[in-house]
S.K.: 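Before I ask anything, here is the structure I am working with.
Computed from a predicted structure; not experimentally measured.
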Amino acid sequence: MTKPGRDPGLDTLLDLHGQILFVDEAGHWVKFIAVRTEVTPQRPHGLSYSLTLHAPDGERLIGFDNVHPVRERRGPGSQRRRESDHRHRRLSIGPSDYRGAATLLEDFWNDVDAVLKERGSVP
């Protein structure tokens, strides 16, 4: 039974910590880092995480994380925002709202599927 207010997908995410999984025959792979932290304004969910998809040569194609500050915009006038949840897709970075571990995993796998389709790796 799940305690009230407990994130039901958190155990699944934490169990993936340190896992590297190959996701297709071409050699694309995913890596999961997920550890509990103190609850802070930057990590109000008490979690530090990094979920990444890599090309066979190791290039990071997508990443979901909250472990570093994010630039608000590019160029000489750019500023860094506080650390927060965000997504990387190649060279672009965008904000991401953390709505729970299960949703984080679902969003990540949806993006993985989309990128693999773009790369012709899955039908």
Side-chain angles (χ1 to χ4, degrees):
M1 177 176 237
T2 303
K3 293 180 187 177
R6 171 124 169 94
D7 182 347
L10 185 58
D11 290 335
T12 301
L13 180 61
L14 292 171
D15 285 346
L16 287 167
H17 175 70
Q19 296 291 313
I20 296 174
L21 308 170
F22 285 89
V23 294
D24 66 6
E25 292 181 11
H28 291 88
W29 50 279
V30 295
K31 181 177 179 181
F32 297 93
I33 302 296
V35 294
R36 288 184 179 275
T37 65
E38 283 187 47
V39 173
T40 66
Q42 295 81 18
R43 294 187 179 92
H45 33 70
L47 184 66
S48 177
Y49 65 87
S50 173
L51 287 59
T52 55
L53 167 68
H54 299 265
D57 66 2
E59 175 189 7
R60 183 177 69 174
L61 302 173
I62 46 178
F64 286 41
D65 64 61
N66 67 345
V67 296
H68 61 86
V70 179
R71 286 198 183 276
E72 291 245 347
R73 48 185 182 221
R74 294 183 183 264
S78 67
Q79 299 175 353
R80 289 197 173 264
R81 279 189 353 205
R82 66 177 178 82
E83 293 180 358
S84 63
D85 300 288
H86 56 276
R87 294 178 175 188
H88 299 259
R89 182 124 183 218
R90 300 283 218 140
L91 299 176
S92 68
I93 301 174
S96 176
D97 291 326
Y98 182 86
R99 297 167 293 163
T103 303
L104 174 70
L105 287 166
E106 181 180 354
D107 291 347
F108 175 70
W109 285 116
N110 286 338
D111 278 11
V112 167
D113 287 344
V115 168
L116 294 178
K117 284 179 185 173
E118 287 171 11
R119 295 174 67 87
S121 185
V122 294

S.K.: Examine L104 and L21 and state if one hydrophobic cluster contains both, with Ile, Leu, Val, Met, Phe, Trp and Tyr joined whenever side-chain heavy atoms are less than 4.5 Å apart.
M.R.: yes
S.K.: Parallel, tilted or perpendicular: which one describes the rings of F22 and W29, with boundaries at 30° and 60°?
M.R.: tilted
S.K.: So, for S121 and A26, which heavy atoms are closest and what is the spacing to 0.1 Å?
M.R.: OG-CB, 4.2 Å
S.K.: For L10 and R36: C-alpha separation, side-chain torsions, deciding distance, then whether side chain to side chain contact (heavy atoms under 4.5 Å, CB included) applies.
M.R.: CA-CA 10 Å; L10 185 58; R36 288 184 179 275; 3.4 Å; yes
S.K.: Any non-hydrogen side-chain atom of L47 less than 4.5 Å from a side-chain atom of D7?
M.R.: no
S.K.: Determine whether V23 and I33 fall in the same hydrophobic cluster, where Ile, Leu, Val, Met, Phe, Trp and Tyr are linked whenever their side-chain heavy atoms lie under 4.5 Å apart.
M.R.: no
S.K.: Just so I know, are the side chains of Y49 and L16 near enough to count as touching, which here means a heavy-atom distance under 4.5 Å?
M.R.: no
S.K.: Any side-chain heavy atom of L105 sitting closer than 4.5 Å to one from L51?
M.R.: yes
S.K.: Are L61 and H28 packed together at the side-chain level, in the sense that at least one heavy-atom pair is separated by less than 4.5 angstrom?
M.R.: yes
S.K.: Can you measure from NE2 (H54) to CD (E59) and round to the nearest 0.5 angstrom?
M.R.: 10.0 Å
S.K.: Check whether W109 and L53 end up in the same hydrophobic cluster, where Ile, Leu, Val, Met, Phe, Trp and Tyr are linked by side-chain heavy atoms less than 4.5 Å apart.
M.R.: yes
S.K.: If you measure from CD1 on I62 to CZ on F108, what distance do you get to the nearest 0.5 Å?
M.R.: 5.0 Å
S.K.: Considering only residues two or more places apart or on different chains, which pairs with a residue in residues 8-18 satisfy side chain to side chain donor-acceptor pair (under 3.5 Å)?
M.R.: R6-D11
S.K.: Side chains of D65 and T52: does their closest heavy-atom pair fall under 4.5 Å?
M.R.: no
S.K.: Can you list the residues that meet the side chain to side chain donor-acceptor pair (under 3.5 Å) rule with T40, with sequence neighbours excluded?
M.R.: Q42
